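These figures come from a predicted structure and were not determined experimentally.
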Amino acid sequence: MAQIKNQFSVCNNSHIPALLHYVQKMKATLFSFICLCPFAISAQESPNDSISNKILDEVNIESKRSTKDVARKPLTSLEGFLEGNKSINLVRRGAYAWEPFLNGMSSERSVITIDGMRIYGACTDKMDPVTSYVEISNLSKASIHSGQSSSVGGSSIAGNLDLVRRKGNFGEKNFKSSVFSGLETNNMHKILGTSIAFSSPKFFSDFDLSFRDAGNYRAGGNQEILNSQFTKYNTSAILGYKINAHQELEASVIYDIATDIGYPALPMDVSLARAIIGSLEYSRHHISHHVKLWKTKIYYNHVKHIMDDSHRPDVPIRMDMPGLSSTAGFYSFVQGKSGSHLWKSTLSGHHNNSYAEMTMYPANPNSSPMFMLTWPDVNTNYIDFFIEDYIPLTSKLKSLFSMGIALHNNTIQNELGINSLRIFYPQFQDSKNRLLKRLSGTLLYEPGRWNISLSLEYGERAPSVSEGYGFYLFNSFDKYDYIGNPEMKNEKSANVSGKIAYKSNRFSCKLNSSFFYLSDYIIGIPDSSLVPMTLAADGIRVYTQIQHAQIFNSSIECSYHFHKNWVWTSSLSYRKGVGATIGNLPLIQPFSYSSEIRFATKTFDIEAKFSGAASNKSFNPNFGETSVKPYSLFDISASKHYKWKNQRLNIKIGAENIFDVKYTTFSDWNRIPRPGRNFYVNLIWEI
């Protein structure tokens, strides 16, 4: 619940230095506390923190990245960073752009935003998740809200993930810059970039540029994984202007482009994945005694994604599969206090157009190419109202209530697309409206060193564009073509979640559990009466709703600080998912674990980590899953930072999968093995 209080604090610029100081303090104390326990820790907790009885739960805060940020690989990918969170699994189809699963649920069931902006991917095969358009070098924090808790981003089932970019502050004139570089030996992954920041009393700017280039990686045993290369450029800029003491303007842009992306788990690669994301924001604070902050943002983004198989040596039929997605939206956020009530409210809306097509070129040059719309020019219009109230009932008992309601509309623009879907749904209407509701209530009890919370929540979501209107989308995991169903009802979820945490000067431990009961659960069911379009397909699945499904999540994280320079942390996590009539849900994490020990001083840090997973005995072969063997990995790393006047240099070296284990996890598409032994070096020079 610490994040709840933070959200209600007045977020004007006079408070931002204090917030940064708080975050920096958390980070500094993190390196100084030690734990001894068979379980592990969230990296955001620190036993010496002055707010010792507040343990971050759904919201994970990462401070500005600097030379002091030696807790993990500084120049890792964003996916590598998110993978450390127990709520998130990442489905991996190659070495680039992994699909995030929140609480064991696919990305259709969560809302992922960048600085609060809604962005829709343009790939029918989920090869361009929203997380692929932010670089770790310009990320400030990732806010994760499980279930309906603080679900500002909109209607969802699994929760919200908001990627917040790093930006400067108004203040004394100051200029900072940095250059960074890295190399990973396994796939000769080269990283190069720079960031420049300027601040003054009336103006600030942040500019970030990065480049990544990688070849094919090698699995354990030195097996080269073909078609796993990628090249990526990312540019991010934020400009702020202070109109007066209480009003500010902010403009931002992201330009991200990746080329020559190989996907070894898929039959096609990607020649281009490009996103342009821009926004303009106005904020005003200290409006009245009751209204502390009003912030309004308008935004626009355009995503282009082109799949092609021109570099594959043997394909039964050549295909081009371009996809486009454009989204224009806004949100207006108000935050205030009335008596003991700390409240906030958001009105948001967006318009999205999703279009994807496929052209197949027969080997016989006398045959005509075959064309179809896989996303038939679908417009999504969405408007959402959300309100939340935090009430301290006593000094130890707090409550948080929230509710949201949204209007959702899908309209198909293309006549060919309408007629194609009417082959399967003759009565289908080209426009459909939905009402989406969500509700959440949380009680938090904080007796001394204990922190106990219980939440009851309800949420609904509309079918995604693929689930509602997809036309012959090939799933290479289960080898079926998928057809959408525009006549499905809303999917619904009732869930309960709880947390018990204890924290002392040396020891901390946190147990999180949640149970989701989903009704009208959407999943593809085989229809033997239909003929597949893709040559490699075994049949057709039509998106259908089964009566119910259940997903249980549980994790425990503990730490022990057994010496001023030593900390031992460990964690265990487990998920289970089943659906009526289908058995085990696909892509559910088996029992997994990690344990690490770290020695840290002010300028030096060394850590060793042991992690792994049990076999996934709960796999479902009807969805293409096969068993996965248990595995264990061992990593080691060390870092050193130097300071000369105003300059800092941070050097981090490390070795991952030291014993070159050949392994695959439950979330690796088509069971492509993960990288084997890898040595890396990261350099960050701040000027």
Exercise for review: Run the numbers on S592 and S573 for side-chain hydrogen bond (donor to acceptor under 3.5 Å, both in side chains), then give the verdict.
Suggested key: CA-CA 5 Å; S592 62; S573 60; 2.9 Å; yes
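- Each of R434, H408, Q545 was scored for a side chain to side chain contact (heavy atoms under 4.5 Å, CB included) with N490, with one residue passing: R434.
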Check your understanding: So Y263 and V270, side-chain contact (heavy atoms from CB on, under 4.5 Å) or not? Walk me through it.
Key -> CA-CA 8 Å; Y263 285 90; V270 171; 3.5 Å; yes
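- Side-chain contact between I551 and M105 is present, with at least one heavy-atom pair separated by less than 4.5 Å.
- M488 is listed as a side-chain neighbour of I522, based on a closest heavy-atom distance under 4.5 Å.
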Check your understanding: Hey, mind stepping through R461 and E467 against salt bridge (Lys or Arg N to Asp or Glu O under 4.0 Å) and telling me if it holds?
Key -> CA-CA 12 Å; R461 74 164 182 108; E467 293 168 336; 2.9 Å; yes
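- Cation-pi contact between R674 and W98: present, with separation from the ring centre below 6.0 Å and deviation from the ring axis of at most 45°.
- At least one side-chain heavy atom of D260 sits less than 4.5 Å from a side-chain heavy atom of Q229.
- Here the side chains of L272 and K304 are in contact, with some heavy-atom distance below 4.5 Å.
- A salt bridge is defined here as a Lys NZ or Arg NE, NH1 or NH2 lying under 4.0 Å from an Asp or Glu carboxylate O, and D384 with R438 meets this definition.
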Exercise for review: Assess whether side-chain hydrogen bond (donor to acceptor under 3.5 Å, both in side chains) is satisfied between S279 and S252, documenting all intermediate values.
Suggested key: CA-CA 5 Å; S279 68; S252 76; 2.7 Å; yes
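- Taking every heavy atom of both residues into account, E457 and G147 meet most closely at OE1-CA, 3.5 Å.
- Relative to the six-membered ring of Y96, R212 misses at least one condition, a distance below 6.0 Å or an angle of at most 45° to the axis.
- Ion pairing of R109 with E491 is present here, as a side-chain N (NZ or NE/NH1/NH2) and a carboxylate O approach within less than 4.0 Å.
- Side-chain contact annotation: N475 with D125, donor-acceptor N/O pair under 3.5 Å absent.
- At distances below 3.5 Å, not a single donor-acceptor pair connects side-chain atoms of N670 with backbone N or O atoms of I672.
- Residues V111 and H145 form no side-chain contact, since every pair of their non-hydrogen atoms from C-beta on lies 4.5 Å or further apart.
- For Q547, the CD atom counts as loosely surrounded, since its 6.0 Å shell holds 12 or fewer non-hydrogen atoms of other residues, nucleotides or ligands.
- In this structure, CD in E625 is found 5.5 Å from CZ in R671, a value given to the nearest 0.5 Å.
- Both the sub-6.0 Å distance and the 45° axial angle are satisfied by R541 relative to the ring of F623.
- To the nearest 0.5 angstrom, K492 atom NZ is 3.5 Å from D520 atom CG.
- In this structure, Y521 OH and I157 CD1 are separated by 10.5 Å, a value rounded to the nearest 0.5 Å.
- No side-chain heavy atom of L90 sits less than 4.5 Å from a side-chain heavy atom of F101.
- The local environment of CD in Q429 is sparse, with at most 12 non-hydrogen atoms from other residues, nucleotides or ligands closer than 6.0 Å.
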Review point. Run the side-chain contact (heavy atoms from CB on, under 4.5 Å) check on V378 and Q413 step by step: do they pass?
Key: CA-CA 6 Å; V378 183; Q413 302 296 301; over 6 Å; no
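- In this structure, NZ in K297 is found 12.5 Å from OG in S348, a value given to the nearest 0.5 Å.
- The environment of Y233 atom OH is sparse: at most 12 non-hydrogen atoms of other residues, nucleotides or ligands sit within 6.0 angstrom.
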Exercise for review: Carefully, step by step, assess K232 and D256 under the rule salt bridge (Lys or Arg N to Asp or Glu O under 4.0 Å).
Suggested key: CA-CA 8 Å; K232 174 186 173 74; D256 185 281; 2.5 Å; yes
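- Put simply, the side chain of W669 reaches to within 4.5 Å of the side chain of S476, judged on heavy atoms.
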Review point. Step by step, would you call H351 with N381 a side-chain hydrogen bond (donor to acceptor under 3.5 Å, both in side chains)?
Key: CA-CA 5 Å; H351 167 84; N381 298 295; 2.6 Å; yes
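- A cation-pi contact links R118 to Y382, judged by a cut-off of 6.0 Å to the six-membered ring centre and 45° from its axis.
- In terms of the side-chain hydrogen bond (donor to acceptor under 3.5 Å, both in side chains) criterion, residue partners of R575 (sequence neighbours excluded) are, by chain and number, N89, N553, Q589.
- Taking every heavy atom of both residues into account, K576 and V578 meet most closely at CE-CG1, 3.9 Å.
- Rounding to the nearest 0.5 Å places CG of L226 at 5.5 Å from CG of N216.
- Ring centers of Y355 and W375: at least 6.0 Å apart, outside the cut-off.
- Using a distance-only test at 3.5 Å, with no hydrogens or angles considered, no donor-acceptor pair links the side chain of D668 to the main chain of T664.
- Put simply, the side chain of I483 reaches to within 4.5 Å of the side chain of I540, judged on heavy atoms.
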Exercise for review: Would you please test E99 and R93 for salt bridge (Lys or Arg N to Asp or Glu O under 4.0 Å) and show each step?
Suggested key: CA-CA 8 Å; E99 179 192 358; R93 299 174 173 88; 3.0 Å; yes
Point to revise | Working for side-chain hydrogen bond (donor to acceptor under 3.5 Å, both in side chains), residues S464 and S466 | key: CA-CA 5 Å; S464 68; S466 289; 4.9 Å; no
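- Between I261 atom CD1 and M307 atom CE the span is 11.5 Å, to the nearest 0.5 Å.
- Looking only at distances, a side-chain donor or acceptor of N160 sits under 3.5 Å from a matching main-chain atom of G153.
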Practice item. Check the pair S420 / R422 against side-chain contact (heavy atoms from CB on, under 4.5 Å), numbers first and verdict last. Key: CA-CA 5 Å; S420 298; R422 280 182 177 160; over 6 Å; no
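- Residue L163 is tested with I119, D115, T113, L78 for a side chain to side chain contact (heavy atoms under 4.5 Å, CB included); the sole match is L78.
- Taking 4.0 Å as the cut-off between side-chain N and carboxylate O, E460 and K489 do not count as a salt-bridged pair.
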Compile the donor-acceptor pairs under 3.5 Å between side chains in residues 319-332 and protein atoms, sequence neighbours left out, one pair per line.
residue	atom	partner	partner atom	Å
D320	OD2	Y361	OH	3.4
S325	OG	Y120	O	2.9
S325	OG	N352	ND2	3.1
S326	OG	H302	ND1	2.7
T327	OG1	N352	ND2	2.8
S332	OG	W294	NE1	2.8
S332	OG	T296	OG1	2.8

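- Considering every non-hydrogen atom in both T534 and F474, the closest pair reads OG1-CB, 3.7 Å.
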Exercise for review: Take M360 and M372 through the side-chain contact (heavy atoms from CB on, under 4.5 Å) test and state the conclusion after the steps.
Suggested key: CA-CA 9 Å; M360 294 180 282; M372 70 173 68; 4.2 Å; yes
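- Between K126 and E108 there is a salt bridge, since a side-chain N of the basic residue sits under 4.0 Å from a carboxylate O of the acidic one.
- A distance below 6.0 Å separates the ring centres of Y543 and Y482.
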